[in-house]
There are 2 protein chains.
Amino acid sequence: MSPEDHLKLENQICFPLYVTSRLLTRAYQPLLAELGITYPQYLVLLVLWEQDGLKVSAISEKLFLNSNTLTPLLKRMEQLNLLTRVRSKEDERQVDITLTEKGKLMQKSAKCIPENLLKTIKLPAEELIQFKATLHKLLTTLEEADKE
Amino acid sequence: MSPEDHLKLENQICFPLYVTSRLLTRAYQPLLAELGITYPQYLVLLVLWEQDGLKVSAISEKLFLNSNTLTPLLKRMEQLNLLTRVRSKEDERQVDITLTEKGKLMQKSAKCIPENLLKTIKLPAEELIQFKATLHKLLTTLEEADKE
DNA sequence: TGTTTTTATATCGTACACGATTTAATCTTA
DNA sequence: TAAGATTAAATCGTGTACGATATAAAAACA
């Protein structure tokens, strides 16, 4: 491929990834709208459903989002009564994020979402597994590159 | 997998896609900063380098972005003297987007970007091809789902 | 122990995304 | 051909992303 061809949209790797990610988020939208939350808010809930009572920094590491994004996001979720934000006693710099009853209960309503999305995706299981494997590899490589 | 497992972050398909897309955009950032543009602005340039003089609607279709995102984006690029926005003579509802000399010349400086990114990605060619194929399939499926 | 350095969040400013609505121009059709 | 429907952009409001900076608490250390 010539350098010019590399500059064509369809030959990019980033562009289809960018579009697909947005389209997939859109596919979640109607399901999340029923719960009254956004996609990033859903991600925070996924993290906390797995392990509640995390510090902001722990959520930050899992979602690859810094406090400049997370703080406002968590504040909005606090307004929605999904979680509480409390300064840690041991270290006043840290903030503990804990699910409220409403936040915990929402897991039940969300249980159908992943299966629902799998249907939308319509990929053979084998292909999906391979795809996720490469995606994970790519994520790890980019994570390393990002740290530098 | 149980419904609970489906709700774990690492088992999601959307989450790694969302993170990888963002990390990949970040990887572009230092290269684009030298040109003084953002990633979405780069995408608009990629489109126009392939075919100049498009209507807003044509760019919209290619990037899957509506006018509520595109209009401000194109206005900023107009401020940067990268392109011009002119109402079409035949149909006053439409706007023609045309590259300026500066916008055209930037293609030369951008030529090294895709190769540079390929190095960062560090994926075997075969795996990358397979990955792009699945990504494209996914994109098409989601595009259909989005239209409904 | 007082000062410097580091660390965890928060704040600020800019630029997307995107649902919803508006505006103006063109098309339809009675 | 005039009124209603459709279409292309633009506008508005809200919610992310993220670089840069600020703030306050804890750690390191002279």
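Everything numeric in this text was worked out from a predicted model, so none of it was measured. Chain letters run A, B, ... following the sequence lines, proteins first, then strands; residues in each count from 1.
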Chemist: Out of C:dT9, C:dT11, C:dA15, which nucleotide sits closest to the side chain of A:Q94?
Modeler: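 Within the option list, the nearest is C:dT9.
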Chemist: Tell me which residues in residues 47-58 of chain A put a heavy atom below 4.0 Å from DNA chain D, sorted by number, or none.
Modeler: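 Heavy-atom cutoff 4.0 Å gives no residues at all.
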Chemist: B:M77 CE to C:dA15 P: how many Å, rounded?
Modeler: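 Computing the B:M77:CE to C:dA15:P distance gives 13 Å.
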Chemist: Hey, are B:E144 and B:T140 close enough side-chain-wise for a donor-acceptor pair under 3.5 Å?
Modeler: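 Absent: no donor and acceptor within the cut-off.
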Chemist: Quick check for you: among D:dA26, C:dA10, D:dA10, whose closest atom lies nearest to any side-chain atom of A:E92?
Modeler: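 Among D:dA26, C:dA10, D:dA10, the one nearest the side chain of A:E92 is D:dA26.
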Chemist: Does A:R87 make a side-chain N or O approach to OP1 or OP2 of D:dA24 shorter than 4.0 Å?
Modeler: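 False: A:R87 side-chain N/O out of range (4.0 Å or more) of D:dA24 OP1/OP2.
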Chemist: Write down the atom of A:K62, the atom of A:L54, and the distance for their closest heavy-atom approach.
Modeler: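 Heavy-atom minimum between the residues: CE-CD1, 4.2 Å.
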Chemist: Which of these, B:L70, B:T25, B:L73, sits in a side-chain contact (heavy atoms from CB on, under 4.5 Å) with B:P40?
Modeler: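 Only one of B:L70, B:T25, B:L73 forms a side-chain contact (heavy atoms from CB on, under 4.5 Å) with B:P40, namely B:L73.
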Chemist: Just to confirm, is there a sub-4.0 Å distance from OP1 or OP2 of C:dT11 to any side-chain nitrogen or oxygen of A:T71?
Modeler: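 For A:T71, the contact criterion (side-chain N or O under 4.0 Å from OP1 or OP2 of C:dT11) is not met.
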Chemist: Between the side chains of A:S88 and A:E92, is a donor N or O closer than 3.5 angstrom to an acceptor N or O?
Modeler: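 No, because no side-chain N or O of A:S88 sits under 3.5 Å from a partner of the opposite role on A:E92.
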Chemist: Confirm from the modelled atom types if A:R93 and C:dT9 form a donor-acceptor pair under 3.5 Å, side chain to base only.
Modeler: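 For A:R93, whose side chain was compared with the base of C:dT9, there is no donor-acceptor pair (under 3.5 Å).
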Chemist: Is the phosphate of D:dT16, meaning OP1 or OP2, less than 4.0 Å from a side-chain N or O of A:K75?
Modeler: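 It does not, given that no N or O in the side chain of A:K75 lies less than 4.0 Å from OP1 or OP2 of D:dT16.
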Chemist: Produce a footprint string for nucleotides 17-23 of chain D: one letter per nucleotide, 5' end first; B if the base is under 4.0 Å from any protein heavy atom, S if only the sugar-phosphate is, - if neither.
Modeler: BBBB---
Chemist: Which residues pass the salt bridge (Lys or Arg N to Asp or Glu O under 4.0 Å) test with A:E127, sequence neighbours left out?
Modeler: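 A:E127 satisfies salt bridge (Lys or Arg N to Asp or Glu O under 4.0 Å) with B:K137 only.
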Chemist: Could you tell me how far apart B:E61 (CD) and D:dA9 (P) are, to the nearest whole angstrom?
Modeler: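 B:E61 atom CD is separated from D:dA9 atom P by 10 Å.
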Chemist: With rounding to the nearest 0.5 angstrom, report the CD1 to CG distance, A:I113 to B:L7.
Modeler: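 Taking CD1 in A:I113 and CG in B:L7, the distance rounds to 7.5 Å.
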Chemist: In this structure, how many angstroms lie between the P atom of D:dT6 and the CG atom of B:D91, rounded?
Modeler: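 It is 17 Å, rounded to the nearest whole Å.
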Chemist: As a test of reading the structure: which of D:dA9, C:dT9, D:dG15 is closest to the side chain of B:V95, going by heavy atoms?
Modeler: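 Of D:dA9, C:dT9, D:dG15, D:dA9 is nearest to the side chain of B:V95.
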Chemist: In Å, rounded to the nearest 0.5 Å, how long is the span from NZ of B:K55 to CD1 of B:I97?
Modeler: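 That separation rounds to 10.0 Å.
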Chemist: Can you tell me how far P of C:dC16 sits from CG of B:L80, to the nearest Å?
Modeler: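 Distance, rounded to whole Å: 9 Å.
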Chemist: Can you check the B:I37 CD1 to C:dA15 C1' distance for me, whole Å?
Modeler: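 Nearest whole value for this atom pair: 14 Å.
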Chemist: CG/B:L17 to CZ/B:R22 distance, rounded to the nearest 0.5 angstrom?
Modeler: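 Separation between the atoms: 12.0 Å.
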Chemist: In whole angstrom, what separates B:R76's CZ from C:dA17's C1'?
Modeler: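 Spelled out: CZ on B:R76 to C1' on C:dA17 is 11 Å.
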Chemist: Please round to the nearest 0.5 Å and tell me the distance separating atom CE of A:M106 and atom CG of A:L99.
Modeler: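 It comes to 10.5 Å.
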Chemist: Starting at the 5' end of DNA chain C and moving along, which residue's nearest nucleotide shows up first, B:E90 or A:L70?
Modeler: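 That would be A:L70.
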Chemist: What is the distance from CG of A:D96 to P of C:dA10, rounded to the nearest Å?
Modeler: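 After rounding, the reported distance stands at 11 Å.
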Chemist: Under a 3.5 Å distance rule, please check whether B:T20 uses its side chain to pair with a backbone N or O of B:P16 as donor and acceptor.
Modeler: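 A pair under 3.5 Å: yes.
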Chemist: Please give, in whole Å, the distance from C:dA17 P to B:D146 CG?
Modeler: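 In whole Å, C:dA17 P lies 15 Å from B:D146 CG.
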